[in-house]
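Just so you know, these numbers come straight off a predicted model, no measurement behind them.
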Amino acid sequence: MERHQNRETRTPRNNVVVHRRRKSKSYRLSYRSGLGAADSRLGWSPALTARRLNTSRKAAGISNIAERVDPGQLALLVKTEWQLSYVTPLHQFRHTQLKSYARQLSAFIAAGKQQGLAVEVEGLQTTFRVSFSLVQGMTQSDEDAESVLVQIHSKRLFARQDEPQKPVWSGWLTCINGNPDYLRALPKDFVCLPLFGCSGADGLSALVKSWFQQSFDCCFGLLEISHTSLQWLMALWTNCHAESGIQHLKMIWTLPAAPPLQVTYTVDPEDAWELWSSVRKGKGGGGGGEEEEEAGENYIDIEEVTSFMQGLKSHFYRHFRLDLSAGSLNQVSTALGSAKYSGRMKVPSTRELCQMLSVFALLIFVNVLFFFFSDLQQPIHDHHPDAADRVRPPQNAHLIERIQTLMPPENTIAAFIWQKLLQLVLVFIRNEAKHYLSLIFNIK
Amino acid sequence: MDDSAKRLLQRLMRRIPTPTLRSALEKWGRLTTEQQKSMDFTQSKWALTERLLGICEENELAVKQLTDLEMIHVIDNPDQGMWYAFQLMDPEDDAKSVDLTQFKEQFKSHLRELVRNVSIKMKKHTDEAVWIRIAWGDTFSRPNHLKPTYIVHYLQTPYVFVTSITSKQKPLLSQALVLSTRYQAIKDANLSGRKLTAIRDLLMKKYQQVFPTKYPIPPPENNQTISTFVLLFIDQHIEKEQAELAANRLQMACEAFGGGMLPQLQSAVYKLETKFRDHSNKTMTEREEPFRCVVKFTSTNLLESFRHCASSGIASTPVTPLLSCIPLKGRNYFLITDNGPGPSSQRGQPQV
């Protein structure tokens, strides 16, 4: 079990779905309903499984995103390490009022500094500037809201007069490939930008988050990338080695010795690829029927991922007689990106950026959905303790009501959640290249 | 004072933290008592630098005296920078009888033959260590005092520790060392770390060693303060058995890594190029090429972590020779390849 502090920061257990794009440039995901399908690889247990999902729409490829977004803005997003959080839908957030928001946030930060809240923040001088900008085009479907980039510019501590202000803190809110049913179910006033990434001083991040919470009645939670998700990312990146070299596969483990021991296990990319291929070939054909032709190629099973991991661990054990399972996997990185347990991610180029973002956006969707589907009243009340004092009822209550109307009767709630949570994200790296992306789910 | 002396002093002041500055200046002994009193150590570093600059100009101190101060600081704080260990090989007959003055003269003359314009300073420290500071120059330029190399050699032992040396300077230094110590060759000991004291203790085995005994440590007595209420539910046999197993593990861990305080090594790197062998994965097992990977262990005190892993069961005992090699051979860089027949055919290959 992953470590979880409280409900708001919990990410449910993982369930991964992998899809691969076909040569015909249109993807078709076949959806298998029914929990009890005997031939499904669905395990109704903490074990993970692969599924295919059928949607008959043709969505724009993610490769198009890179073409649609201003390259200057994209360049700001890559090559930086972002701390990820999830955000609940924002109430009365208007994309047209970004300038006014910038002024409000600026005043909020100045007030915070006066009160001494951001005193420890380095690099933030009295003359700082906040900017909200729209990142147009970073969406997958029509229902996705446009992304917003927030930056705080300031001069360095001992800068000369004529030196320009540089961004000392950056953050962005985005929604890529959101669940269309969920998005349509949102009440009119709400905007869903579930993925929040920030980079910069922690004091500033806390200030910005609290401003958002006050202004838009949302709540933030830390997005922890669980151990299983990291394993999936590792397997997926290794899978991409044939198309875009990963250059190395690096894992960082922490063993609970006194003092703690950190193990950095770097595998040569060719050898990692061969191990991964051997694990995949070794698996027999999947379930019967029409998916046999695709079973071996398109879909990655959790068993393949665990075998891959087990192979690496046993090689390690053979030499050092140290069991890596006694420790925890903290970070996985390749040339295609890096992800840490604490929810930090970094992507080296724009191509992988969109993939990673959509994966994490989906992670959020599950998280947010789950948050609202579970025992709703108490957490909401906890989060808005002064709700009774307000003239209006808390906005989230509206959201809850609306979502509750979508919920099926109690006895099939599990089925409903299961169906609602299964999604698939297609990722395209290059025009004709096949690419894998797995959807990381958490299910409890 | 000329520019280079000023720059050297400024660099020194940036490097030496204020708490250690006072003692360093006292040991240096170049300041008169009034000057020493006039230095107000509660001021900022910048103010102190200015004051010291003034004092040095009064006393007409030059680069030569300033390097003394630097050497004093480095000798008292050796645990900074990256130190690399070297070992001298194949001693000649009179290697053991090389004494301090002979070594000093020989080293200086050999190095000056190899490099023109080199500034050498040698100092003997209390614990049989000879500290050498070298500022390198060449035919056309004067010695660069801003990037000196420090070398520590323990007479009567074949060990040399070096910091801040470039690949161009290394062969010159090796040649001079080999000739002056009367050995035939010098090789990289594959040991490096931030703390000189740690790698020195490791290499020269200056820590408590535990040897296998016929009479192992008896298991610790049951804690008498455990209430009888709890004892009713704990099977005393199980507890005794577990205690014996734990004692065994502890004994083996201490035999492998040492007892008591261990030298503070920070990292160990293993470059593995062995074949992948796993019964459950036939494809990989039949593969001819080795499985290449690099494993790096890091910790604030690496040997302590390993010992804890072994005694708590995270690492299976008996401790694998790969890990126990670190204190045994005194190295922390290994290249492991399949060598020779047999399943456990992993031997460390020295990387020269």
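For the options A:T254, A:L255, A:D268, heavy-atom pairs under 4.5 Å to chain B are most numerous at A:D268. Interface remark: of the candidates B:M284, B:E289, B:E304, B:M284 forms the most heavy-atom pairs closer than 4.5 Å to chain A. Here B:L272 is the residue among B:T300, B:L272, B:L302, B:V319 with the most heavy-atom pairs under 4.5 Å with chain A.
Only the backbone of B:T317 has a heavy atom closer than 4.5 Å to any heavy atom of chain A. Only the side chain of B:L323 has a heavy atom closer than 4.5 Å to any heavy atom of chain A. Neither the backbone nor the side chain of B:R307 has a heavy atom closer than 4.5 Å to any heavy atom of chain A. Of the two parts of A:A326, only the side chain, counted from C-beta on, holds a non-hydrogen atom closer than 4.5 Å to a non-hydrogen atom of chain B. With a 4.5 Å cut-off on non-hydrogen atoms, A:P260 touches chain B through its backbone but not through its side chain.
Residue B:R287 holds its CZ atom at 9.0 Å from OG of A:S278, rounded to the nearest 0.5 Å. In this structure, CZ on B:F276 lies 4.5 Å from OG on A:S314, to the nearest 0.5 angstrom. Between the OG1 atom in A:T266 and the CZ atom in B:R292 there is a gap of 13.5 Å [rounded to 0.5 Å].
Between A:F316 and B:F297, the ring planes lie tilted relative to each other; the angle falls in the 30° to 60° range.
Side chains of A:H319 and B:T274: a donor on one and an acceptor on the other come within 3.5 Å.
When the shell of 6.0 Å around CE of B:M204 is examined, it contains more than 12 heavy atoms from other residues, nucleotides or ligands. Around NZ of B:K205, the count of heavy atoms belonging to other residues, nucleotides or ligands within 6.0 Å exceeds 12.
B:C309 places a side-chain heavy atom less than 4.5 Å from the side chain of A:L261. Put simply, the side chain of A:L322 reaches to within 4.5 Å of the side chain of B:I314, judged on heavy atoms. By the 4.5 Å heavy-atom criterion applied to side chains, A:Q262 and B:K296 are not counted as neighbours. In this structure, B:F291 and A:V267 have side chains that are in contact, with non-hydrogen atoms separated by less than 4.5 Å.
With respect to the salt-bridge test (charged N to carboxylate O, under 4.0 angstrom), the residues A:R318 and B:D278 do not qualify.
The two residues A:H315 and B:K275 come nearest to each other via the heavy atoms CE1-O, 3.9 Å. Scanning both residues, A:A257 and B:H308, for their nearest heavy atoms gives CA-ND1, 3.3 Å. Closest non-hydrogen pair, A:Y317 versus B:S316, comes out as OH-OG, 2.6 Å.
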Requested in this report: Would you please test B:V295 and A:T264 for side-chain contact (heavy atoms from CB on, under 4.5 Å) and show each step?
Outcome: CA-CA 6 Å; B:V295 176; A:T264 309; over 6 Å; no

